[in-house]
Amino acid sequence: MRFWMKAVAALILALPGVAHATWWQARTDHFTVYSEGRDKTLQDFAERLEKFDFLLRRLYGVTDPQRGSPVKVYLLSSDRKVQELADSPNFRGYYTTSNRNAYAFLSRETKNGRFGVGAEEILFHEYTHHFMLHHFPAAYPAWFVEGFAEFFSVVKFPKDGSIEFGHIPMARVPGLVLGQPYPLKQLLARDPQGLNLRDGDRYYGTAWLLTHYYFQHQSDRKAEINRYLTDIAKGAPDMDVADYFEGGLEGLEKDLKAYMRQRHFISVLTPKELTTGAITLSPVDPAQAALIEEELRLTHRPKAENLPAITAAIRTVAAQYPDSAYALALLAEAEWKSEDKAAALATADRAIAIDPQSSRAYAVRAEVLLERANDSDEAEDWRAALTSIVRANRADTEDPVPLALFYRYHAMRGGKMPDLGYDGLYKAFSLLPQNPSYRFNFAQAMAFRGDYAAASTLLDPIAYSPHGSGMRDHAIRLKAQFDAQAAKMPKGAAKAQSPAPAS
């Protein structure tokens, strides 16, 4: 009922004479930030994000010029909007991926109290996961994945232009001080599943503490932890964690508790060491601005029962902008997701007539035609689907969607997969390795190609995720299958048959 009330409100706002919020965007090398209104908040926030990205790249020697898909960040006006979109009362910010890009939405409201978690801290935490998965996608233990993200969650930007990092995440202090650090025997276990809220705070706090100890404290423990992490990342079998540390886990735990009572030093990157690109501020196209929140609802894992209302709201707004290819392409995507295939195809064609370079519209057209070709198996239908995929790719060569569709087209047709099919899927994955669907599909493709070891490695970040899920369970099962196949493969064995998309 609440969703339908929101949908009605959206329809009312779409009526002629009703003013829409003015949205502005800040474009940087690695982000596009959207915000209601042009104010210093947008400029400053975009600058901090770009500095944060530079900090990670500088510290870890990432010089790869390939930027991938820029992360889209939406600054919403209130916590309530974030919580409604996330479908949870406990969120102030959220990061995830669509099939087209990584995105985050968060509240502009400030955090409550010294020990609260601000939206910026949440984004820094999640972007650190994004960075790690893009550049260092190894099978690190859960505590280090979360400790690494917590270590960089609190970054400060003094007025002198420097960057301070290594600060204490104050939201974790109560769990550490009042509840004591989480036992290392449990922390270093592979699976942190089943944590309650209190234990969760202690877990994250202790993960931060051990990571801070590893990064900032000069002792023999640094080499021990480094060897342990290296062996885990390499998949060393039959590891006994206690053997890596002088005095076993009890000795490490004693030293860690002593470190907790010490003053924790921060690190600073000076202004002279900073190099970031330009930030461009501009108003968002009026049609896109009017649709930003509806597009987020469509993109962010909508429930099937809500799709008709989302589609109706988008259709009403799009009617106010009949010459907007952007609005029509978004409507076509909504109609496709709502399984109104005829309408999706017709709307996509209208968008293409206005803008022949609309990759999004061509991608929707390709989806409809692929399904039609699969049903009819007529050469003409297959040809029409392929034409739309190729045109979508030519319109935007950095959009992963047409690349993935090209692979799927060949997999659906059967027969030998051409190298271009693998290349397309690889590029889609490399543009957005944080997307689990692309990772699963590419791993499956490598397995069908006969490279089971590579397929297994690709699944490591999901299989060893700190968060239990059906997706993680599936990755663990697939890894076991691929590892078993890899063990049977003689050197120089022929590649296996053509791959099919992973389900």
Listed by chain and number, what are the side-chain contact (heavy atoms from CB on, under 4.5 Å) partners of Thr299, not counting sequence neighbours?
Ser98, Tyr103, Glu295
I'd like to know if the side chain of Thr211 pairs up with that of Glu150 as donor and acceptor (distance under 3.5 Å, no hydrogens or angles considered).
no
Looking at residues at least two apart in the chain, or sitting in another chain, which of them share a side-chain contact (heavy atoms from CB on, under 4.5 Å) with Asp399?
Arg100, Ser359, Asp396, Val401, Pro402
Test of understanding: with ring pair (Phe, Tyr, Trp, His ring centres under 6.0 Å), list the residues that count as partners of Tyr326, not counting sequence neighbours.
none
Stepwise ring pair (Phe, Tyr, Trp, His ring centres under 6.0 Å) check, Phe52 with Phe131
CA-CA 11 Å; Phe52 183 72; Phe131 182 88; 8.6 Å; no
Does Arg202 make a cation-pi contact with Tyr182 (under 6.0 Å, within 45 degrees of the axis)?
no
Any salt bridge between Glu50 and Arg27, counting N to O under 4.0 Å?
no
Test ring pair (Phe, Tyr, Trp, His ring centres under 6.0 Å) applied to Tyr213 - qualifying residues, sequence neighbours left out
His217, Tyr259
With heavy-atom distances below 4.5 Å as the criterion, would you say the side chains of Leu459 and Phe440 are in contact?
yes
Pairs in or reaching into residues 157-168: which pass salt bridge (charged side-chain N to carboxylate O under 4.0 Å, His left out), with residues at least two apart or in two chains?
none
Are side-chain heavy atoms of Val73 and Phe45 found at a separation under 4.5 Å?
yes
Over 12 foreign heavy atoms within 6.0 Å of OH, Tyr426
no
Does some side-chain heavy atom of Tyr95 sit less than 4.5 Å from a side-chain heavy atom of Phe105?
no
Is there side-chain contact between Trp24 and Pro283, with heavy atoms separated by less than 4.5 Å?
yes
Phe429 meets the ring pair (Phe, Tyr, Trp, His ring centres under 6.0 Å) criterion, sequence neighbours left out, with Phe442
If you define the side chain from C-beta out and look only at heavy atoms, does anything of Phe165 sit under 4.5 Å from Phe151?
yes
